[in-house]
*Asks:* 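Before we start, here is the structure in question, set down as structure tokens.
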Number of protein chains: 2
Amino acid sequence: MTPPLSPPRPSGHQRERLAFEEFLERRGLKLTRQREAVMKAVLEASGHFEAEEVVTLLRQGALRVSRATVYRTLDLMKECQLVEKLDLGTPHSYYEQVNLGEHHDHLICVTCGAVTEFHDLELETVQAEVCRRHGFSITHHSLRIFGQCQACLEKTG
Amino acid sequence: MTPPLSPPRPSGHQRERLAFEEFLERRGLKLTRQREAVMKAVLEASGHFEAEEVVTLLRQGALRVSRATVYRTLDLMKECQLVEKLDLGTPHSYYEQVNLGEHHDHLICVTCGAVTEFHDLELETVQAEVCRRHGFSITHHSLRIFGQCQACLEKTG
DNA sequence: AAAGAGATGAGATTGATTCTCATTAGAGTA
DNA sequence: TACTCTAATGAGAATCAATCTCATCTCTTT
């Protein structure tokens with residue numbers, strides 16, 4: 001994928017890591033080993049995860065990280081826009097990693113619980129238009145579409 | 001508004017009332033005095049309200065209705081599609097009355113908390129198209145746009 | 001090594017919502 | 001009216017994710 005002659009660039013999650021470090025710096029906060037562990041777990045996670053899963057995962061590592069610290073760090077990463085908090089209709093929240101600046105919405109299957117991401121430019125445009133009409137200055141939005149996914153539809157017939 | 005010669009039609013919330021009664025009937029449930037009190041409170045409510053507000057309101061009436069019954073009845077009305085449960089980003093849920101079959105989305109001001117409703121046909125169309133592309137059968141959706149309302153923008157400048 | 005600021009962890013607390021279960025209400029029947 | 005059966009209710013307990021408290025710890029800087 002990377003053109004052979006392109007300049008070396010941060011690999012893995014270097015960019016996100018840097019973003020978080022700078023964010024902490026700006027706030028006069030430190031990148032402690034605990035925060036680093038949480039960040040690593042989050043950046044390597046794929047899809048959606050619960051805070052509790054991070055807690056459990058980190059229990060297996062050498063460094064102990066308390067539940068409180070996990071929640072606190074997730075909040076920081078949210079402010080830094082590295083993760084988003086999701087409400088998928090369950091009693092607890094999910095989180096997901098956000099690739100710097102990219103936003104997407106969700107199709108949630110009410111039968112199997114599968115969550116599919118999508119991004120649609122036209123949708124954003126129409127939303128912007130709605131906001132304009134209301135003199136509303138948008139910061140972010142959340143669109144959840146509930147229904148049945150293709151797989152479940154095929155099973156049910 | 002009503003043409004003078006139009007046939008008499010249910011006034012007030014007769015239609016909703018009937019819908020609920022039929023719904024209960026179908027389920028082999030009864031329209032008790034408690035359920036009736038909750039229904040009345042909800043149908044007369046304007047805008048968004050919390051379950052707790054219904055509890056408090058009903059405390060003032062002659063008939064005592066417990067918190068459990070309020071929650072249970074709200075759930076029934078939700079199934080009957082007379083109310084919708086909203087997550088406005090607060091730790092607790094809001095409810096709102098739905099005029100039979102009408103859906104709308106929300107602009108939520110993160111500064112003053114004001115919630116504005118809107119409905120946009122084009123938005124629905126684009127969403128339907130997204131679903132079609134994913135072979136997803138939509139049952140309902142929830143769009144929340146967060147930002148600053150006109151009033152707050154004017155104050156802040 | 002002393003000081004100061006931020007960070008952490010264990011456990012307590014919160015708070016909305018749900019659950020439990022003994023009691024009550026209401027419809028139908030004898 | 002008395003009896004029965006089922007659904008409904010209410011008080012308070014339970015749940016559970018999330019937050020808070022505060023004593024302790026870690027760094028960094030004097």
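Here is the naming used below: chain letters follow the sequence lines, and residue numbers restart at 1 for every chain.
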*Asks:* Any side-chain heavy atom of B:Cys149 within less than 4.5 Å of one from B:Cys112?
*Replies:* yes
*Asks:* I'd like to check A:Asp120 versus A:Glu124 (side-chain heavy atoms, cut-off strictly below 4.5 Å). Are they in contact?
*Replies:*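 Heavy-atom side-chain distance check fails, nothing below 4.5 Å.
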*Asks:* Mind jotting down which residue pairs meet the ring pair (Phe, Tyr, Trp, His ring centres under 6.0 Å) criterion with at least one end in residues 36-70 of chain A? Sequence neighbours excluded, please.
*Replies:* A:His48-A:His106
*Asks:* Sequence neighbours excluded, which residues qualify as ring-ring contact (aromatic ring centres under 6.0 Å, His included) partners of B:His141?
*Replies:* B:His103
*Asks:* Students should find this one: the first and last nucleotides of DNA chain C, 5' to 3', lying under 4.0 Å from a heavy atom of chain B. What are they?
*Replies:*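 So the outermost contacting nucleotides come out as C:dA16 to C:dG26.
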*Asks:* Rounded to whole angstrom units, what separation is found between the CD atom of A:Glu25 and the P atom of D:dT28?
*Replies:* 13 Å
*Asks:* Nearest heavy-atom pair of B:Tyr95 and B:Val83: which atoms, and what distance?
*Replies:* CD2-CG2, 4.4 Å
*Asks:* Would you be so kind as to tabulate the donor-acceptor pairs closer than 3.5 Å made by side chains of residues 31-44 of chain A, with sequence neighbours excluded?
*Replies:*
residue: A:Thr32; atom: OG1; partner: A:Arg35; partner atom: N; Å: 3.2
residue: A:Arg35; atom: NH1; partner: A:Lys30; partner atom: O; Å: 2.7
residue: A:Glu36; atom: OE2; partner: A:Arg17; partner atom: NH2; Å: 2.4

*Asks:* Does B:Glu129 have any side chain to side chain donor-acceptor pair (under 3.5 Å) partners at least two apart in sequence or in another chain, and if so, which?
*Replies:*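 Residues passing side chain to side chain donor-acceptor pair (under 3.5 Å) with B:Glu129: B:Arg132.
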*Asks:* For a quick test of reading the model, state the closest non-hydrogen atom pair linking B:Ile108 to A:Phe136 and the distance between them.
*Replies:*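 That would be O-CZ, 3.4 Å.
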*Asks:* Could you check whether any side-chain N or O of B:Asp105 sits under 3.5 Å from a backbone N or O of B:Phe118, counting only pairs where one atom can act as donor and the other as acceptor?
*Replies:* no
*Asks:* Applying ring pair (Phe, Tyr, Trp, His ring centres under 6.0 Å) as the test, list every pair that has at least one member in residues 56-90 of chain A; sequence neighbours left out.
*Replies:* none
*Asks:* Going by the rule salt bridge (Lys or Arg N to Asp or Glu O under 4.0 Å), which residues pair with A:Arg26 if we only count those two or more places apart in sequence or in a different chain?
*Replies:*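 In terms of salt bridge (Lys or Arg N to Asp or Glu O under 4.0 Å), with neighbours along the sequence ignored, A:Arg26 is linked to no residue.
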*Asks:* Who passes ring-ring contact (aromatic ring centres under 6.0 Å, His included) against B:Tyr94, sequence neighbours left out?
*Replies:*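 For B:Tyr94, the residues satisfying ring-ring contact (aromatic ring centres under 6.0 Å, His included) (neighbours in sequence not counted) are B:His92.
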*Asks:* Take the C1' atoms of the five end pairs on each side of the helix from C:dA1-D:dT30 to C:dA30-D:dT1, get both axes, and report the angle to 10 degrees.
*Replies:* 0°
*Asks:* For residues 62-71 of chain B, which residues have at least one heavy atom under 4.0 Å from DNA chain C?
*Replies:* B:Arg67, B:Ala68, B:Tyr71
*Asks:* So, do B:Val98 and B:Leu82 sit near enough that their side-chain heavy atoms are less than 4.5 Å apart?
*Replies:*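 A side-chain contact is absent here, since even the closest heavy-atom pair is not under 4.5 Å.
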*Asks:* Mind running a 4.0 Å heavy-atom check of residues 86-94 of chain B against DNA chain C and sending the residues that fall below it, in number order?
*Replies:* B:His92, B:Ser93
*Asks:* Kindly say whether B:Ala151 contributes a backbone atom to a donor-acceptor pair with the side chain of B:Glu154 at under 3.5 angstrom?
*Replies:* no
*Asks:* If I take atom CZ in residue A:Arg72 and atom P in nucleotide D:dC20, what distance separates them, rounded to the nearest angstrom?
*Replies:*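 Rounding to the nearest Å, CZ of A:Arg72 and P of D:dC20 are 10 Å apart.
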*Asks:* Give the rounded distance in Å between these two atoms: CG of A:Leu74 and P of D:dA18.
*Replies:* 10 Å
*Asks:* Below 4.0 angstrom, which residues in residues 26-58 of chain A have at least one non-hydrogen atom near DNA chain C?
*Replies:*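 Under 4.0 Å from DNA chain C: A:Leu29, A:Lys30, A:Thr32, A:Gln34, A:Arg35.
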*Asks:* When you look at CD of A:Glu25, are more than 12 heavy atoms from neighbouring residues, nucleotides or ligands closer to it than 6.0 Å?
*Replies:* no
